[in-house]
Student: 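Handing you this structure, nothing more for now.
This structure is a prediction, so every number in the text was calculated from the model and none was measured.
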Amino acid sequence: MTATLEPAGGGRPRHWQALAAIAALGVLAYANSLDAAFVFDDIRVVRDDPRLRDLLWWLTPDGYHAAPNRVAAYVSFAINHRLGGTAPFGFHAFNLAVHLGASALVYALGVLAFRAPRLAPSVLAPQARTVAMVAAAIFVAHPLQTQAVTYVVQRMTSLAAMFYLLAVVAYLAWRLGVASGGGRRSGALVYGGAVLAGLLAVRTKEIAITLPAAILLCEVTLFDRPRLLPALPFFAAAALIPLSLVGHAGPSPAALVESASSVTRVQTDLGRLEYLATQLPVIVTYLFMLLVPIGQNIDHDYPVYRTLLAPEVMSAAVVLGAMAATAAYAYLRTSAASRRPLDPAARLAGGCAAWWFLTLSVESSVIPIVDVINEHRVYLPSVGFAVAASMGIALAARRVAGAEVAARATALAGLAIALLLAAATVARNRVWASEVTLWADSASKSPDKMRPNLNLGTALVEAGRPREAEAPLRRAAALDPASALPRVQLAGVLLRQRRTQEAEHELREALRLAPTDPEVLFNLGMLLSRTGRAEEARPLLARFVETAPAAYAGARRIAAERLARP
C-alpha cells in the first residue's frame with residue numbers, strides 16, 4: 001500500500017512552511033530562557049554530578065547500569081558538559097531543540113492521522129496540514145510546557161516524549177506505507193527506526209512504558225483492521241524498564257511494580273488509594289491549566305485526599321468519567337455498525353482523550369510519588385489536548401466562516417491563540433531566570449508550604465541578600481517545627497549580621513531536632529569555640545569529625561585543627 005500526503009494548495013501550508021512557523025513560534029516563546037540559571041534539582045543532578053564530566057563512562061556497562069532507564073538523558077547531559085562545560089546556555093539550547101523536535105513530530109502525527117483509513121473520509125481531512133500545524137503551535141507555545149523545557153533536569157521528560165512521539169510517527173508512516181516508494185527495504189528501515197526510537201524512549205524515562213499501548217491505541221483509532229503483531233517489539237522494549245530494576249528491587253512482583261514507578265524524587269509513605277484519590281482532582285487541575293494557563297508553580301501546595309468519598313474527589317471523578325464516556329461514545333458512533341455515524345474526526349477526539357489518560361497513567365494513578373502534582377508530567381499527555389483543541393478550532397471555523405475558507409480561518413485563529421500562549425510562556429520564563437525569582441514566585445503562591453520559603457531564603461543568602469532571607473527562613477521554621485534545616489540556614493543569616501545569641505538559639509534548637517546532623521554539629525561547635533567555650537564545643541566537633549561524610553572533608557580538617565589545640 002502506498003500513501004502520499006495531500007498536495008499543497010487551497011490555502012493549505014506546505015510542510016516546510018508549517019514547520020518553519022512552528023519553529024519560529026517556539027524560538028520566540030523560549031528565547032528569553034536561554035540565559036536562565038540552573039535551579040533546584042538542576043544543580044545537584046546536572047551541574048554538580050561529577051559523573052557527567054565523563055561522557056565515555058556513560059557509554060560503558062558501568063555507566064549504563066548506573067541509571068539504565070534514564071541513561072539516554074544522562075548521556076545527553078554529558079554531551080552538554082563535553083561541549084560547553086557547566087554554562088547553562090548550552091543545556092537550555094539543547095532543551096529547546098528537543099522541544100522543537102517534539103513539536104514537529106506533533107505536526108507529523110496530525111498529518112498522518114488524517115491519512116489513515118478511518119479518518120480519511122472526515123470533513124477535516126482536506127485541511128489536515130492546517131489542523132496539524134495549529135496543534136503543534138499550541139503544543140510548542142503553551143506555558144505549561146515551561147517546566148519540561150526551561151527546567152533543565154526535566155529534559156528527562158521532554159526527551160522521552162520526543163522519542164516516544166518519534167516511535168509513534170515512524171510506526172504510522174510504516175503502517176500507512178508513506179515510505180513504501182523505496183520498496184520493502186525502505187519500509188523495514190522506517191519500522192526499524194520506530195523500534196529504535198521506542199528503545200531510546202524507554203532508556204530516557206519510565207513514562208515510556210506506555211508506548212506499546214499508545215501504538216495499539218493508534219491501531220484501534222485509525223485503522224479498520226487493527227494489527228497486534230507489529231506492536232510486539234514495542235512491548236519487548238517497554239519490558240526493559242521493570243527488568244532492569246530486578247537487581248535493585250528484588251524479584252517479587254510487588255517490588256517490580258514499585259520500582260517501575262520510580263521517578264526523579266524519592267517515594268512517599270502516601271498509600272496507593274490516597275494517592276489515587278488525590279490524583280483525580282490533580283488531573284482535572286492539569287486540564288484547567290491547559291485551558292486557562294494561570295497559577296503555574298514549581299512547588300504547588302496541593303491538598304492530599306484520604307478517601308475517594310471526599311467531595312473534591314467525587315466531583316473530579318464525575319468530570320473525568322464524563323470525559324471517558326464521551327470518548328467511548330465517539331468510538332461507538334464512528335464504528336461501521338453505527339446507523340448514523342459521526343464524522344470520523346470524532347474518533348480521533350476520542351483517541352486524544354484516551355491518549356491523555358494513558359500517558360498520565362504512570363505518574364497520576366496508584367504509584368505514589370512524593371510530589372502529588374508537577375507540571376512537567378503534562379508534557380506528553382498535552383499532545384492529545386493540542387490535537388483535540390486544534391480540531392475544535394477547525395470545526396468552529398468551518399461552521400462560522402464556511403467550508404471554502406475554513407483552512408485559512410483555522411490557521412488565523414489557531415496561530416492567534418498560539419501567539420497569546422507564547423506571550424504567556426515568555427512571561428513564565430522570566431520566573432525561571434534565577435533561583436530567587438523562581439522561589440519568590442513559588443513562596444507567594446504556596447505561602448503555607450515550608451519548602452518554597454526555605455528555598456527562597458537559601459537562594460537569597462546565595463545571592464548575597466541575607467537580610468532579605470531572614471523572613472522566609474523564619475517562615476519555613478514556623479511551618480515545619482520538626483525540621484532542623486531552616487534553623488541551620490537562619491543561624492547562618494544571623495551570624496552574618498553578628499547576632500550571635502540568636503544564632504546560637506537556633507543552632508541549639510536544630511541540635512535538639514537533629515542531634516547527628518553534620519552541619520548543626522560543625523556550626524554550633526565552631527560558634528562555641530569562637531566565643532570562648534572550647535570545652536563545650538569539643539564534644540560537638542569530635543562527634544562531627546567521627547561522623548561527617550566525605551563531602552565535609554574541608555570542614556573536618558578545620559574541626560580537627562580546633563580539637564588539636566590545647
Student: Just by distance, no angles: are the side chains of Asp299 and Ser442 close enough, under 3.5 Å, to form a donor-acceptor pair?
Tutor: no

Student: Nearest 0.5 angstrom please: His142 NE2 to Ser103 OG, how far?
Tutor: 13.0 Å

Student: How many angstroms lie between atom CG of Leu105 and atom OH of Tyr107, to the nearest 0.5 angstrom?
Tutor: 12.5 Å

Student: List in chain and number order the residues that pass salt bridge (Lys or Arg N to Asp or Glu O under 4.0 Å) with Asp35, two or more places apart in sequence or in another chain; answer none if no residue qualifies.
Tutor: none

Student: Does any non-hydrogen side-chain atom of Met162 lie less than 4.5 Å from one of His99?
Tutor: no

Student: Assess the pair Phe385 and Trp356: is the distance between their ring centroids shorter than 6.0 Å?
Tutor: no

Student: Check for me whether the distance between the ring centres of Tyr379 and Phe139 falls short of 6.0 Å.
Tutor: yes

Student: Contact between Val39 and Trp439 at the side-chain level, heavy atoms closer than 4.5 Å - yes or no?
Tutor: no

Student: Please determine if Arg430 and Asp441 form a salt bridge, counting it only when a charged side-chain N lies under 4.0 Å from a carboxylate O.
Tutor: no

Student: Determine, step by step, whether Asn69 and Ser244 satisfy the side chain to side chain donor-acceptor pair (under 3.5 Å) criterion, reporting the C-alpha distance in whole Å, the side-chain angles of both residues, the deciding distance to 0.1 Å, and the verdict.
Tutor: CA-CA 7 Å; Asn69 290 330; Ser244 65; 3.0 Å; yes

Student: Do Tyr331 and Val220 touch side chain to side chain, with heavy atoms closer than 4.5 Å?
Tutor: yes

Student: Does the Lys NZ or Arg CZ of Arg377 fall within the cation-pi geometry relative to Tyr286 - under 6.0 Å from the ring centre and within 45° of the axis?
Tutor: no

Student: Evaluate the side chain to side chain contact (heavy atoms under 4.5 Å, CB included) criterion for residues Leu240 and Arg203: first the C-alpha distance (whole Å), next the side-chain angles of each, then the deciding distance (0.1 Å), finally the verdict.
Tutor: CA-CA 8 Å; Leu240 294 174; Arg203 284 297 175 243; 3.3 Å; yes

Student: How about Met323 and Thr326: do any of their side-chain heavy atoms sit closer than 4.5 Å?
Tutor: no

Student: Flag the pair Tyr30 / His92 as yes when their ring centroid distance falls below 6.0 Å, and as no otherwise.
Tutor: no

Student: So, applying salt bridge (Lys or Arg N to Asp or Glu O under 4.0 Å) with Glu219, which one of Arg175, Arg225, Arg227 is it?
Tutor: Arg175

Student: Scan the side chains in residues 207-218 for donor-acceptor partners under 3.5 Å anywhere in the protein, sequence neighbours excluded, and list what turns up.
Tutor:
{"unit_1": "Thr210", "atom_1": "OG1", "unit_2": "Tyr164", "atom_2": "OH", "d": "2.9"}
{"unit_1": "Thr210", "atom_1": "OG1", "unit_2": "Ile207", "atom_2": "O", "d": "3.2"}

Student: Do the side chains of Trp58 and Leu52 get nearer than 4.5 Å, heavy atoms only?
Tutor: yes

Student: Atom CD1 in Ile138, atom CD in Gln145: separation rounded to 0.5 Å?
Tutor: 11.0 Å

Student: According to side chain to side chain contact (heavy atoms under 4.5 Å, CB included), who are the partners of Leu415, at least two apart in sequence or on a separate chain?
Tutor: Met133, Ala137

